[in-house]
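Fair warning: this is a prediction, and the values are worked out from it, not measured in the lab. Only heavy atoms go into these numbers, but all of them, side chains included; no hydrogens, no water, no symmetry mates. Start at 1 and go down the list; that is how both ligands and their atoms are numbered.
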Amino acid sequence: MRKLIAGNWKMNGLASSLAEIEALKGLTGEAACDIVVCPPFTLVEKAVECTKGAAIAVGAQDCHAQAAGAYTGDVSAGMLAEIGARFVILGHSERRLAYKEMDAAVAGKAAAVHEAGLTSIICVGETRAERDEGRAIDVVRAQLEGSIPDTATSSNMTIAYEPVWAIGTGLVPTLEQIGEVHSSIRHMLEERLGDDGRRVRILYGGSVKAQNAKAIFGVSNVDGALVGGASLKASEFAGIILAAV
Ligand SMILES: O=C(CO)COP(=O)(O)O
């Protein structure tokens, strides 16, 4: 499967950061994998302009489940589509934990993303305590079951497995642990989507760097990465992209 490498800038980046996207174009050229950059809302439209003609797609980091209405501060999937976004990250643990975003809310947002013709990147992952209690796979399966809407197919949905304890910590699960969770996600996707479940890309996220990327990409059912901190610098992000091809 063609790998997908997505960068989640989180709440980082001013207009001057678009220089990193410019630099990325030169560093990756025609890389044989799909590349997505997800800057904050304020930079989505500018990033789309900046990537015109380049093999880099642009995504957002959240959206509302409704198409329009009295939802102060929110942005709809249709609004993102109109300015050229192609992907939307949903259910990131930083949102699940900070805003008590539940699986059903994530599913509602994902359905809106699919309705708008965009691709959802649905994030799941256990906390340290859940892993220590031996519940990692059960937690991930329950999150997936609740977060995937009926509109999902392999062409409009990507899954990202991001153990909460690996995000921004420099800690990474063993390759065996990553393989175990990814194969159970694959199993669940096949149960849910039949043969099409085999074609859904499953990304790993959590302290991915240029140095550890190649080993992680060698694990079966790892179809790419969702990268936080290391996506902010073009040279580091390009190192991860090149490790995928
Ligand atoms: O949360 C992440 C991507 O969504 C991962 O973040 P880090 O790569 O900084 O650990």
Which of the ligand 1 atoms, numbered from 1, are nearer than 4.0 Å to a heavy atom of G229: 7 (P), 8 (O), 9 (O)

Which option wins on minimum heavy-atom distance to atom 4 (O) of ligand 1: E94, E162, Q61, K10? E162

Answer yes when R2 and D223 have at least one side-chain N-carboxylate O distance shorter than 4.0 Å, and no when they do not. no

Below 3.5 angstrom, do we get any N/O pair linking G228 and ligand 1? yes

Taking E101 first and then K109, would you say they form a salt bridge - that is, a charged N and a carboxylate O separated by under 4.0 Å? yes

Gap between atom CG of L232 and atom CZ of F237 - 0.5 Å precision: 9.5 Å

N-O pairing of R135 and D138 below 4.0 Å: no

Note: ligand 1 atoms sitting under 4.0 Å from heavy atoms of G206 are 5 (C), 10 (O)

Y204 vs H182 aromatic rings, parallel, tilted or perpendicular, using cut-offs 30° and 60°? tilted

Could you tell me, atom by atom, which parts of ligand 1 come under 4.0 Å of a heavy atom of H92? 1 (O), 2 (C), 3 (C), 4 (O)

Atoms of ligand 1 less than 4.0 Å from N8 heavy atoms? 3 (C), 4 (O)

For S207, the ligand 1 atoms whose distance to one of its heavy atoms is below 4.0 Å: 7 (P), 8 (O), 10 (O)

Spatial distance of atom CD1 (I89) from atom SG (C63) [nearest 0.5 Å]: 11.5 Å

Could you tell me whether some N/O pair between G168 and ligand 1 is separated by less than 3.5 angstrom? yes

Under 4.5 Å between side-chain heavy atoms, counting indirect links through other Ile/Leu/Val/Met/Phe/Trp/Tyr residues: same cluster for I122 and L80 or not? yes

Any idea which atoms of ligand 1 are less than 4.0 Å away from a heavy-atom of A166? 10 (O)

Go through ligand 1 atom by atom and flag the ones less than 4.0 Å from a non-hydrogen atom of L226. 3 (C), 4 (O)

